[in-house]
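All values derive from a computational prediction rather than experimental measurement. Because only heavy atoms are used, hydrogens play no part in the values below, and waters and symmetry mates are left out as well, while side chains stay in.
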Amino acid sequence: MATERRTVDESYWIATTPRTGYPPPSTDLTADVAVIGGGIAGLCTSWELIRAGLDVVVLEADRIAAGVTGYTTAKLTAAHGLVYAQLEAKHGASSARLYALSQQDALDRTTALCAELNIDADLEHAPAYTYTQDPQHIDEIRDEAEAARRAGLDASFVTDTELPFEVAGAVRVSGQLQFHPRKFLLALAEKVVAAGGRIYERTRVTELHDGSRCRLSVEGDITVEARDAVVATHYPVFDRTLLFTRLKPRRELVIAAPVRPEDAPAGMYITPDDGVRSMRSAPYEEGRRLLIVTGESFEPGAGKVRERFARLDAWAGERMPGFAEADTAYRWAAQDNDSSDHLPYVGHAHPGTQHVFVATGFGGWGMSNGMMAGRLLAAQIAGGPRPAWTDLYDPRRLPSTRDAGQLVRFQAAVAKHFVGDRLRTSHVDSVNDISPSSGAVVRLQGKRWAVYRDEMGHASALSARCTHLGCLVQFNDAEQVWECPCHGSRFATDGSVLHGPATRPLESREVPGAKD
């Protein structure tokens, strides 16, 4: 591996697009619809609602397209691993067909918007492959190819690919897409504003009151009133449906490096081998392609992130020519939520509401599902024709008996952290055991504190209790943040919220007896 490689600890999509600067509101607001969250689901929903003639405000806690959407791998595909065989087995062939139809519709809508609005988002058509190198998994791959074909996709079983190593078999789905998500969404945001929509950044919504009209409280003592509200915050920050019992957050690492075009795959690849790995390439400067590799899925707060990055880097270097010798590497992490029945939740947030809607549980496929959610929610709110797949994604659906085991596992994992983390005497023995540029949970004065030492050795402390439901946070050594292992909230080292469902920062503490 090249010893002088320059590593950029940032998403390539964010590093290659300008910062946004939409102001926060200075007065109370009214609108037909308030969309909470400025990622792909929120912005696509906003655009579709504006096209339907509604007055829309977008309320983003940080910067638009800079949260989960800014850290995606940016594949726009209806081929979601081994999903169709699973859907057929759990929900029936008709549900699998509706899922495929909705995902392909999302791809078609993306292509149409880029053409209609003249958006240059590096959109490329490419086949998608789900492959295995293990002959023992061939039957799973064959079953998926047949299920995907029955669902209506142009799918086939193949044994030859362009990859520089042999595969035992693969599902090939043609007619899929890849793009630059920030280029697409920043351009779409400009179209939203030009059409009369209002976008507000650094505008964290802290309360949502549901009634005949929705009333939202925003930091800074601002109130927003709207007929309808859409919670598109990735993980629902207002959760009367108790969706958190049916969602499990996970993070995946992403590494990327420029390679020669001949060393870059033209297709998009994913494998369940080695704990799931995926690869694709994107346009890059100087005639090269950016090879993007994803893997090492883990729950927030699991730790050892640097080690996980090293394993992923070694995997890519062993298999893909030119990756180890690349002069530059980007690395970042993506986060998503898996639902208990492998289907997103998009629609009315709970049985008792007609005016609050939600989009979540995209299971790692947020680009196509975010576009799908925008189309579906706009139809429900604006009163247009209901897509055929509306009921498939309804958040009010009851879990089936087949999903009971998965629900138990989700809640057992939460209970393990909520109770088990408190039974440990300490994560380290004292504040002085914490190295510079690192953090740990320490028991001080009878309480758990999250203590961080900066690069100069100065220690700062926060309450270790996540402000969502009280689980103990844990330190991510690579990204230098505190993470909640229960529901995925993330906090900066100063305690500020980086990622919900938490809406309040971790409380600051004074550090007794710390040696700088």
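- A donor-acceptor contact shorter than 3.5 Å links the side chain of E201 to the backbone of I64.
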Handout entry: Pair C471-C486, disulfide bond (SG atoms under 2.5 Å apart): steps then yes or no
Key = CA-CA 6 Å; C471 291; C486 292; 2.0 Å; yes
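- Between D341 and K90 there is no salt bridge, since none of the side-chain N atoms of the basic residue sits less than 4.0 Å from a carboxylate O of the acidic one.
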Handout entry: From CA spacing to verdict: side chain to side chain contact (heavy atoms under 4.5 Å, CB included), V83, Q103
Key = CA-CA 12 Å; V83 69; Q103 301 300 312; over 6 Å; no
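- T130 and E144 share no side-chain donor-acceptor pair at under 3.5 Å.
- Of all heavy-atom pairs spanning Y330 and A15, the tightest one is CE2-CB, 4.1 Å.
- Taking each heavy atom of M268 and A126 in turn, the nearest pair found is CE-O, 3.9 Å.
- Within a 6.0 Å sphere centred on CZ of R215, other residues, nucleotides and ligands contribute 12 heavy atoms or fewer.
- In this structure, R504 places its CZ atom where only 12 or fewer heavy-atom neighbours from other residues, nucleotides or ligands lie under 6.0 Å away.
- In terms of the side chain to side chain donor-acceptor pair (under 3.5 Å) criterion, T467 has no residue partners (sequence neighbours excluded).
- Checking side-chain atoms of W482 against main-chain N and O of F491 turns up no donor-acceptor pair under 3.5 Å.
- The CD1 atom of I292 sits 8.5 Å away from the OH atom of Y12 when rounded to the nearest 0.5 Å.
- When each of V33, V346, I36 is checked for a side chain to side chain contact (heavy atoms under 4.5 Å, CB included) with V230, only V33 meets the rule.
- Residues passing the salt bridge (Lys or Arg N to Asp or Glu O under 4.0 Å) test with R97: none are found, sequence neighbours excluded.
- With ring centers used as reference points, H91 lies 6.0 Å or more from Y99.
- In this structure, Q176 contributes its side chain and A78 its backbone to a donor-acceptor pair below 3.5 Å.
- Side-chain contact check for Q335 and Y235: no donor-acceptor pair (N or O, by modelled atom type) lies under 3.5 Å.
- With respect to the salt-bridge test (charged N to carboxylate O, under 4.0 angstrom), the residues E124 and R280 do not qualify.
- Checked for salt-bridge contact, D391 and R397 miss the test: no charged N lies under 4.0 Å from a carboxylate O.
- Look at R251 and E479 and you find a salt bridge, because one of the NZ, NE, NH1 or NH2 atoms lies within 4.0 Å of a carboxylate O, short of that distance.
- Look at E10 and R331 and you find no salt bridge, because none of the NZ, NE, NH1 or NH2 atoms lies under 4.0 Å from a carboxylate O.
- Shown here are the side chain to side chain contact (heavy atoms under 4.5 Å, CB included) partners of T390, two or more places apart in sequence or in another chain: L376, Q380, R386, P387.
- Using a distance-only test at 3.5 Å, with no hydrogens or angles considered, a donor-acceptor pair links the side chain of R182 to the main chain of P18.
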Problem - Full working for side chain to side chain contact (heavy atoms under 4.5 Å, CB included) between I381 and R227 - result: CA-CA 10 Å; I381 295 170; R227 185 193 69 194; 3.6 Å; yes
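- Considering R246, R250, K248 as possible partners of D338, the one that fulfils the salt bridge (charged side-chain N to carboxylate O under 4.0 Å, His left out) test is R250.
- For the pairing with H180, the side chain to side chain donor-acceptor pair (under 3.5 Å) check across T16, D120, T17 returns one residue only, T16.
- Judged by distance alone, the side chains of E507 and S463 never bring a donor and an acceptor atom under 3.5 Å apart.
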Practice task
Might you work through the side chain to side chain contact (heavy atoms under 4.5 Å, CB included) test for V497 and S489, ending with a clear yes or no?
Solution key: CA-CA 8 Å; V497 178; S489 295; over 6 Å; no
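- How far NZ of K75 is from CE of M279: 9.5 Å, rounded to the nearest 0.5 Å.
- Nearest heavy atom pair, residue V171 against residue A155, reads CG1-CB, 4.4 Å.
- Checking side-chain atoms of S11 against main-chain N and O of G70 turns up a donor-acceptor pair under 3.5 Å.
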